[in-house]
Amino acid sequence: MRIVLLGAPGSGKGTQSQRLMQREHIPQISTGDLLRAAVASGSELGRKARQAMEGGRLVADALVLGMIRERLREADARRGFILDGFPRNLAQAQALEALLKTLRQPLDAVVQLEVDYAELVRRISGRRTCADCGRVFNVSTSGAELIGSEPCHSSGAPHRLVQRPDDNEATVAERLRVYEEKTRPLIDFYRTRGLLRVIHAEGSVEEVTERLEQALHAVPRATVAARRAAPTRKRRAPTAKRAAKAGSGGKRSGPRRTSRRGSARRGR
Ligand code: ADP
């Protein structure tokens with residue numbers, strides 16, 4: 001299964017990717033994690049990426065695309081992958097489409113995680129990561145009890161929690177603005193390709209995983225098989241009439257300032 005998780009910072013892409021990775025036995029490919037590792041290692045890529053990351057802006061496409069090209073060619077990605085935090089603008093989405101066409105590995109689905117704006121801000125400001133095992137907790141929610149109740153599987157000692165440098169208030173506002181401007185257009189990009197699923201991503205982590213699984217299994221197996229068998233075949237772009245009939249109707253999705261309840265639904 002080859003999927004993209006779309007969603008604003010704090011929408012839970014990382015948490016859900018990790019759970020999905022364990023269930024589906026396919027790697028999570030997070031450009032944010034890859035870039036943070038590059039920064040920590042002091043590589044040339046890391047030095048170039050650092051300033052943009054600290055300011056909450058996007059790292060240059062050429063750097064991110066080079067990194068993704070390499071990662072998708074690794075052996076473990078042949079069985080499938082979960083892309084988390086990539087693509088983040090139209091140029092990246094187009095480059096990914098071309099790359100996957102060359103690799104004959106088209107996407108099966110793109111899932112958009114919808115979360116209310118105020119909830120995003122709350123989640124990001126409470127987010128902490130264990131410096132030893134990399135596990136993500138939220139000190140403002142149930143994660144708080146978990147942190148003290150079990151030792152870190154990597155060090156055996158209590159988790160050593162750190163806050164990401166870009167999780168401060170000013171940078172968070174900029175990251176949400178960049179999401180609105182650059183990443184939101186991808187919702188329509190993938191809707192017109194018939195790949196988009198939208199899920200309500202508030203509630204417990206388990207509830208969201210359940211909705212995610214439902215959304216993924218709403219992809220008809222026959223469609224997946226047909227896409228795999230004929231990856232280069234052109235898909236008909238949905239007309240406005242067909243899209244309306246299928247219920248996608250150009251609805252706004254992403255960080256919203258009002259809350260809306262709903263479960264997994266097809267976005268085409
Ligand atoms: P979040 O989704 O919470 O913002 P990420 O870990 O995905 O966090 O990304 C952290 C930072 O890394 C981003 O703010 C950006 O600077 C950089 N980054 C991650 N993915 C990309 C990408 N696909 N293109 C450009 N920059 C990226």
Side-chain angles (χ1 to χ4, degrees), residues 3-18 20-21 27-41 43 45-72 81-100 107 110-115 117 119-130 134-138 140 162-187 189-190 201 208 254-255:
I3 60 174
V4 166
L5 291 190
L6 267 188
S11 58
K13 301 182 299 290
T15 304
Q16 294 301 331
S17 308
Q18 282 177 12
L20 208 56
M21 173 172 74
Q28 166 202 20
I29 302 180
S30 156
T31 42
D33 287 349
L34 292 172
L35 287 167
R36 275 186 288 280
V39 170
S41 75
S43 67
L45 167 65
R47 281 199 302 278
K48 288 183 178 157
R50 184 178 201 142
Q51 220 184 359
M53 292 174 78
E54 285 178 356
R57 298 181 305 280
L58 294 187
V59 170
D61 289 344
L63 297 181
V64 175
L65 287 168
M67 208 172 68
I68 278 286
R69 271 191 202 105
E70 248 178 59
R71 182 63 187 88
L72 285 178
F81 48 77
I82 307 155
L83 287 174
D84 157 14
F86 178 89
R88 245 172 158 99
N89 61 24
L90 274 176
Q92 291 182 6
Q94 281 156 352
L96 174 67
E97 193 170 55
L99 174 64
L100 294 182
L107 290 174
V110 174
V111 184
Q112 160 77 10
L113 307 186
E114 276 195 340
V115 174
Y117 189 89
E119 171 69 8
L120 290 173
V121 176
R122 195 181 66 83
R123 284 186 187 179
I124 299 174
S125 51
R127 180 158 69 186
R128 301 290 184 277
T129 310
C130 174
R135 189 162 164 195
V136 178
F137 294 93
N138 202 301
S140 58
V162 292
Q163 187 172 32
R164 263 171 53 177
D166 59 347
D167 275 352
N168 65 75
E169 214 176 303
T171 313
V172 168
E174 177 62 6
R175 280 159 60 203
L176 290 170
R177 192 195 65 73
V178 168
Y179 174 81
E180 287 296 313
E181 184 190 323
K182 313 267 191 201
T183 313
R184 179 178 291 287
L186 300 191
I187 295 172
F189 179 88
Y190 286 119
V208 178

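Both counts, for ligands and for their atoms, begin at 1 and track the order of listing.
- Numbered from 1 in the order shown, with element, the atoms of ligand 1 that lie under 4.0 Å from a heavy atom of Gln92 read 22 (C), 23 (N), 24 (N), 25 (C).
- The single protein non-hydrogen atom nearest to atom 12 (O) of ligand 1 is Met53 CE, 3.6 Å, given as residue, atom name and distance.
- Shown here for Val178 and Arg57, the closest heavy-atom pair between the two residues is CG2-CA, 4.5 Å.
- Using a 4.0 Å cut-off to heavy atoms of Arg57, the atoms of ligand 1 that qualify are 15 (C), 16 (O).
- Note that CE of Met21 is 10.0 Å distant from CG of Asp84, once rounded to the nearest 0.5 Å.
- Residue Arg88 places at least one N or O, backbone or side chain, under 3.5 Å from an N or O of ligand 1.
- A heavy-atom separation below 4.0 Å is found between Arg127 and ligand 1.
- Only the side chain of Asp166 comes within contact range of ligand 1, with a heavy atom under 4.0 Å; no backbone atom does.
- A heavy-atom distance below 4.5 Å is found between the side chains of Glu97 and Phe189.
- Applying the side-chain contact (heavy atoms from CB on, under 4.5 Å) test between Leu83 and each of Leu5, Ile3, Leu6, Leu96 identifies Leu96 as the sole match.
- With hydrogens left out, the protein atom closest to atom 20 (N) of ligand 1 is Thr31 OG1, 2.8 Å, a heavy atom.
- Protein heavy atom in closest approach to atom 26 (N) of ligand 1: Val59 N, 2.9 Å.
- Using a 4.0 Å cut-off between heavy atoms, Val64 contacts ligand 1 through its side chain alone, with no backbone atom that close.
- Near Gly85, meaning under 4.0 Å from any of its heavy atoms, are these atoms of ligand 1: 20 (N), 21 (C), 22 (C), 23 (N).
- One distance of note links CG of Asp61 with CD1 of Ile68; it measures 12.0 Å at 0.5 Å rounding.
- Among protein heavy atoms, atom 3 (O) of ligand 1 sits closest to Arg175 NH2, 2.8 Å.
- Less than 4.0 angstrom separates some heavy atom of Leu35 from each of these atoms of ligand 1: 12 (O), 17 (C), 18 (N), 19 (C), 27 (C).
- Under 4.0 angstrom from ligand 1, the non-hydrogen atoms of Arg164 all belong to its side chain.
- Near Pro9, the atoms of ligand 1 lying under 4.0 angstrom from a non-hydrogen atom of the residue are 1 (P), 2 (O), 3 (O), 4 (O).
- A donor-acceptor distance shorter than 3.5 angstrom exists from the side chain of Arg123 to the backbone of Gly10, with no hydrogens or angles considered.
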